[in-house]
Number of protein chains: 2
Amino acid sequence: MAVTSVRDVARRAGVSVGTVSNVMNHPDKVAAATVIRVQAAIDELGFIRNDAARQLRDGRSKTIGMVVLDVRNPFFTDVARGAEDKAAAAGLIVTLGNSDENTERESTYLDLFEQQRVHGILISPYADINDRLLALRRRGIPVVLVDRTSTDASFSSVSVDDISGGALALEHLAALGRRRVAFVGGPMEIRQVADRLEGARRAAAGHPGLTLEIIDIAASTVIEGRAAGAAIVARRPEDRPDAVFAANDLVSMGVLQALMMQGAEVRVPDDIAIIGYDDIDFASAAVVPLSSIRQPSALIGATAVQILLEEAADPSIGARQIEFQPTLVVRASTGG
Amino acid sequence: MAVTSVRDVARRAGVSVGTVSNVMNHPDKVAAATVIRVQAAIDELGFIRNDAARQLRDGRSKTIGMVVLDVRNPFFTDVARGAEDKAAAAGLIVTLGNSDENTERESTYLDLFEQQRVHGILISPYADINDRLLALRRRGIPVVLVDRTSTDASFSSVSVDDISGGALALEHLAALGRRRVAFVGGPMEIRQVADRLEGARRAAAGHPGLTLEIIDIAASTVIEGRAAGAAIVARRPEDRPDAVFAANDLVSMGVLQALMMQGAEVRVPDDIAIIGYDDIDFASAAVVPLSSIRQPSALIGATAVQILLEEAADPSIGARQIEFQPTLVVRASTGG
DNA sequence: CTTCGTCATTGAATCGTTTTAACAGTCGCA
DNA sequence: TGCGACTGTTAAAACGATTCAATGACGAAG
């Protein structure tokens, strides 16, 4: 009743358990008539394979563990979706863990995945956990960094050139004639944020007379973005920047909302142009459609899984760094 | 090296495997000195329990499977978050599957969860899968419906009274003096959508002279909402509704965006008032903060897990229907 | 000095599946 | 007729943790 095992199926079909197993896994090795008989028994009994037993047998699970910084950010769900699809094609599933930029949660998920003997791990690390990840790999679990490069190239990674992306954004604003740019984002410990700023900095150096102000916020979220936007509005008009480069689209949406709430006093893009990062779906759907730096999110996820599978198949393969180039998407918020 | 089992730990610590297991699961049954010795061996070897083996032994996994209609909708991630927290307190984890309102995906996730012998299943069903769910329960897997009631009360459920919510929204609009209300939402096969409309209908019947127009859309998303909003703007002013009741906040955001894009021609709420449903975070952060019908999302998730655990502990407990009442949240989009 | 009880520990059985070596037929061919 | 090659099937041995009945050691009580 509650439990139906291969043994029950075997008895019903009048064969051995080995044959039942073969019917499910290597039907070519079994006589056609037997396949039919066993299949019938399976259906009649409503037999469902016990995944735990299968995993135990072959040592690893059919799951890929993925840890992201923020599930609320559509960019990460898009990456996850790309990974899911690619994994599904290989008969694997992806379980998603959300570190929420919290060291402890991050570590808990790694523990969990390790106990589950996952096929591999995709992670966008928050804390400095190189040692931990090395230990994982030593135990045979391949690790691929997502949206982040390995400092010492010891892990494979799939990322986007954030420095170049930051430069792209700033060059665009400069080309529009903007001279007082504010970068809104944080915390700076997050590599992506730091790199985007760094790219903007370098590009700014090439434009004499252009100033780059930094508005550091606690998290790159809509709420924090709104607060930063409100602070900008509160300034005297002549003290306001004429352009905002936000660390991601959640922030740019927040900033936009804050500026719009003031009615017509601050116009976007006339008074202040805004450009974000990630090009999430909501960005194009905003009241003033937002310019952004696009990252090929689904492709990032799919590529990461691809590399993971290759490393899982042949652990001797060396680490590879794949870096995509971001592209500029111009919309109304920068006068597109 | 790669594989460290209890056997290795036992040898290292000079005890039997049974004792190692006891140290981990019933430390009170083991002498203090032994605990320390075994613990040391565990640390030295970097031993990690094999979850598959544990599961195999006790028949069920420590996972709760959850299937939602749309992970993109913050309402569902909020519910999931509530479920996760409650589950974590009981030492369980929640894995999230996204049916995307697709019968096949829904079914695939149920297969998967069944193979994993999950502790239980939380589901917001899309297709009519009562039989399938009954089969699951017959095999000992408790099922709790989320945000949906069981037609024949055969399953426990945690939901919100959508009919009453729909009425709440319409009464609010009527009280504001609106007489030409448009309901934007779909598809009608989704129970939540149908119920919200039904509630609005019943309430409308109590207001002679009030008309309720139905704008049926293919999915309750931002994109569809924008299209519907654009269609409204395209009408002659005298043909436009003076209020929109959207099936959820994604739709209301889309409608709002479409109306705002027309510049000052259509004013919200002066010309058209808008009210949504779910009260997701983005709703209050919209350019014109959106009125909404609030559902206690995290509480829904937590309660569902609670019931699930009770049923898992004692399968003879009968099905219970928990229904929360929604509340009206008035903001600027209805002149709050 | 024996007996009983308590406490700590052990060894073996168990969960359900997959794999592998071995076995029994059957066929073709010399 | 006999031999090798092939098919289809089986039984048993894994995988790793947990549990449970059994065992041993050691005092306390009679």
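In what follows, chains carry the letters A, B, and so on, assigned in the order in which the sequence lines appear, proteins first and then strands, with residues in each chain numbered from 1.
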State which of [options] makes the closest approach to the side chain of [X].
X        : options                   : answer
Thr34(A) : dT18(C), dT10(C), dT9(D)  : dT9(D)
Asn25(B) : dT19(D), dT18(D), dT10(C) : dT18(D)
Arg54(B) : dT18(D), dA8(C), dT18(C)  : dT18(D)
Asn22(A) : dT18(C), dT10(D), dT9(C)  : dT10(D)
Leu56(A) : dT10(D), dC15(D), dA17(D) : dC15(D)
Val15(A) : dT17(C), dG16(D), dT10(D) : dT10(D)
Ser5(B)  : dG8(D), dG16(D), dA8(C)   : dG16(D)
Arg57(B) : dT18(D), dT9(C), dT18(C)  : dT18(D)
Ser21(B) : dT9(C), dT19(C), dT19(D)  : dT19(D)
Ala53(A) : dT17(C), dT18(C), dT18(D) : dT17(C)

inquiry  = I'd like to know if the side chain of Gln55(B) pairs up with that of Lys62(B) as donor and acceptor (distance under 3.5 Å, no hydrogens or angles considered).
reply    =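 Checked: Gln55(B)/Lys62(B) side chains show no N/O donor-acceptor pair below 3.5 Å.
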message = Could you check whether Asn50(A) and Gln115(B), counting side-chain N and O atoms only, form a donor-acceptor pair closer than 3.5 Å?
response =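 No donor-acceptor contact under 3.5 Å links the two side chains.
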[X] [atom1] - [N] [atom2] separation (whole Å):
X         : N       : atom1 : atom2 : result
Asp28(B)  : dT9(C)  : CG    : P     : 12 Å
Asp8(B)   : dC15(D) : CG    : C1'   : 13 Å
Ile42(B)  : dG16(D) : CD1   : P     : 16 Å
His26(A)  : dT19(C) : NE2   : P     : 5 Å
Arg7(A)   : dA11(D) : CZ    : C1'   : 12 Å
Arg11(A)  : dT10(D) : CZ    : C1'   : 16 Å
Gln115(B) : dC15(C) : CD    : P     : 21 Å
Gln55(A)  : dA17(D) : CD    : P     : 14 Å

query = Hey, are the side chains of Lys86(A) and Leu92(A) touching, using non-hydrogen atoms and a 4.5 Å cut-off?
reply =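 Answer no - side chains too far apart.
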message = On a heavy-atom basis, which atom in Val79(A) and which in Ile300(A) lie closest, and how many Å separate them?
response =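 Residues Val79(A) and Ile300(A), closest heavy atoms: CG1-CG2, 4.3 Å.
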key: Over 12 non-hydrogen atoms of neighbours within 6.0 angstrom of CZ in Arg320(B)   =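 Count over threshold, so yes.
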key: Any Thr19(B) side-chain nitrogen or oxygen under 4.0 Å from OP1 or OP2 of dT9(C)   =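 Checking dT9(C) against Thr19(B), no side-chain N or O comes under 4.0 Å of OP1 or OP2.
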inquiry  = Over all strands shown, is Val20(B) touching base, sugar-phosphate only, or nothing at heavy-atom distances under 4.0 angstrom?
reply    =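 If one applies the 4.0 Å heavy-atom cut-off, Val20(B) turns out to touch nothing in the nucleic acid.
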message = Pick the closest DNA chain C nucleotide for Ala52(A) and for Val17(B) by heavy atoms, then say which residue is nearer the 5' end.
response =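 The 5'-side residue here is Val17(B).
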task = For the pair Glu114(B) and Arg49(A), find out whether any cationic side-chain nitrogen is under 4.0 Å from an anionic carboxylate oxygen.
result =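 Answer for the salt bridge query: no.
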